[in-house]
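One-based numbering, in listed order, for ligands and for the atoms of each.
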Amino acid sequence: MPPADPARFPTLHVVRHPLVEHKLTLMRERTTATAEFRQLTREVAMLLAYEVTHDLPLDEVEIETPLEPMRARKLSGKKLCLVSILRAGNGMLDGMLDLIPSARVGHVGLYRDPKTLIAVEYYYKMPHDIEVREVVVVDPMLATANSAVAAVGRVKEDAPPNIRFVCLLAAPEGVTRFAAAHPDVPIYTAALDDGLDAKGYILPGLGDAGDRIYGTK
Ligand code: PRP
Ligand code: URA
């Protein structure tokens with residue numbers, strides 16, 4: 001399969017940073033053990049959180065350093081909500097919360113039916129004031145995009161002002177489908193891979209993210 005060209009996808013942001021690429025390579029290796037994989041997921045998620053929040057608004061405030069007063073900038077108090085697509089999204093959540101500890105957290109429980117690959121919802125819980133919060137939906141894998149399309153569609157019913165989607169790996173098929181369903185939702189990913197296999201796994205990918213984070217296979 002020829003490498004996919006990220007420039008084909010206007011809503012896609014591939015986060016290019018040597019640390020991200022290095023850690024992702026370690027995650028892709030089949031011999032990487034569960035504890036290390038989980039830690040790397042957390043670290044890459046933190047780096048992606050840095051990128052996805054690059055345009056958060058700032059307010060100027062008056063502060064005093066040990067030497068003199070100054071005007072400096074602080075986050076404008078805009079409210080954020082991280083939404084994890086269960087279960088693998090939780091592996092990314094911790095890294096993002098390390099960087100944005102005051103964010104609220106919502107959960108969408110979805111699994112892919114192994115035969116149809118259709119996303120089946122089993123849980124949904126958001127903060128009560130989700131309609132005033134900027135939302136960042138997280139899930140390590142954007143494969144067919146069935147899960148992400150369904151999760152973002154469900155969150156949209158609660159009408160937050162805007163939504164961004166963050167994943168570790170995206171397949172071109174998933175990006176195309178997600179952008180068609182949610183053209184208003186930018187996608188941030190650590191890598192755009194080559195495609196999907198017959199079972200809907202990303203190639204070359206990193207395998208089943210949930211199983212590798214939690215050691216369930
Ligand atoms: C994985 C992954 C995504 C989904 C991506 O979850 O975490 O949610 O697959 O695939 P898609 O783009 O084709 O929908 P999975 O269904 O394996 O559930 P899990 O997180 O509980 O392991
Ligand atoms: N879900 C995963 O965990 N991995 C893939 O490659 C595709 C979907």
Report all side-chain donor-acceptor pairs from residues 85-94 shorter than 3.5 Å, counting only partners two or more places apart or in another chain.
from	atom 1	to	atom 2	distance (Å)
R87	NH1	T216	OG1	3.2
R87	NH2	D211	OD1	3.0
N90	OD1	S84	OG	2.6

Backbone N or O of [Y] within a donor-acceptor pair of the [X] side chain at under 3.5 Å?
X	Y	result
R212	F37	no
E173	L196	yes
R104	S102	yes
T189	L168	yes

Compare every heavy atom of [Y] with every heavy atom of [X], then report the nearest pair and how far apart it is.
X	Y	answer
A45	G95	CB-CA, 4.4 Å
L192	A171	CD1-C, 4.1 Å
T65	M70	CG2-SD, 3.8 Å
A179	T11	CB-OG1, 3.7 Å

Legend entry - atom 21 (O) of ligand 1 touched by protein (heavy atom, under 4.0 Å):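 At least one protein heavy atom is under 4.0 Å away.
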Inset, instruction - Using protein heavy atoms only, decide if any is under 4.0 Å from atom 5 (C) of ligand 1. - result: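 So atom 5 (C) of ligand 1 has protein heavy-atom neighbours under 4.0 Å.
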Inset, instruction - Please say whether more than 12 non-hydrogen atoms of neighbouring residues, nucleotides or ligands are located less than 6.0 Å from CD in E131. - result: yes
Legend entry - Flag if over 12 foreign heavy atoms under 6.0 Å of OH, Y50: no
Nearest neighbour in protein (non-hydrogen) for [atom]:
atom	value
atom 14 (O) of ligand 1	S147 OG, 2.5 Å
atom 18 (O) of ligand 1	L110 O, 4.2 Å
atom 17 (O) of ligand 1	D208 OD2, 4.0 Å

Do [X] and ligand 1 have an N or O pair less than 3.5 Å apart?
X	result
R87	yes
A148	no
G200	no
L142	no
Y122	no

Decide whether the shortest distance between a heavy atom of [X] and an atom of ligand 1 is less than 4.0 Å.
X	value
G174	no
D139	yes
L86	yes

Quick one: side chains of residues 110-122, donor-acceptor pairs under 3.5 Å with protein atoms, not counting sequence neighbours, listed by atom name and distance.
from	atom 1	to	atom 2	distance (Å)
R112	NH1	G200	O	3.1
R112	NH2	G200	O	3.4
D113	OD1	K115	N	2.8
D113	OD1	T116	N	3.0
D113	OD1	T116	OG1	3.4
T116	OG1	I118	N	3.1

Near [X], which atoms of ligand 1 are under 4.0 Å from a heavy atom of that residue?
X	result
Y111	16 (O)
A88	7 (O), 20 (O)
G210	22 (O)

Legend entry - Co-membership, hydrophobic cluster, residues V44 and V52, 4.5 Å side-chain: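 Same hydrophobic cluster.
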Legend entry - Transitive ILVMFWY side-chain link Y188 to F165, under 4.5 Å: no
Inset, instruction - Determine, considering heavy atoms only, which of E173, K217, M141, R112 sits nearest to atom 15 (P) of ligand 1. - result: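 Result: the heavy atom closest to atom 15 (P) of ligand 1 is in R112.
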Legend entry - Neighbouring protein residues of ligand 2 - any heavy atom closer than 4.0 Å: R112, M141, A143, G200, Y201, I202, G207, D208, A209
Less than 3.5 Å apart, which donor and acceptor atoms pair up between the side chains of residues 54-61 and the rest of the protein, not counting sequence neighbours?
from	atom 1	to	atom 2	distance (Å)
H54	ND1	E51	O	2.8
D55	OD1	R164	NH1	2.9
D55	OD1	R164	NH2	3.3
E60	OE1	R71	NE	2.7

Inset, instruction - Record the part of A145 in heavy-atom contact with ligand 1 below 4.0 Å; permitted values are side chain, backbone, both and neither. - result: backbone
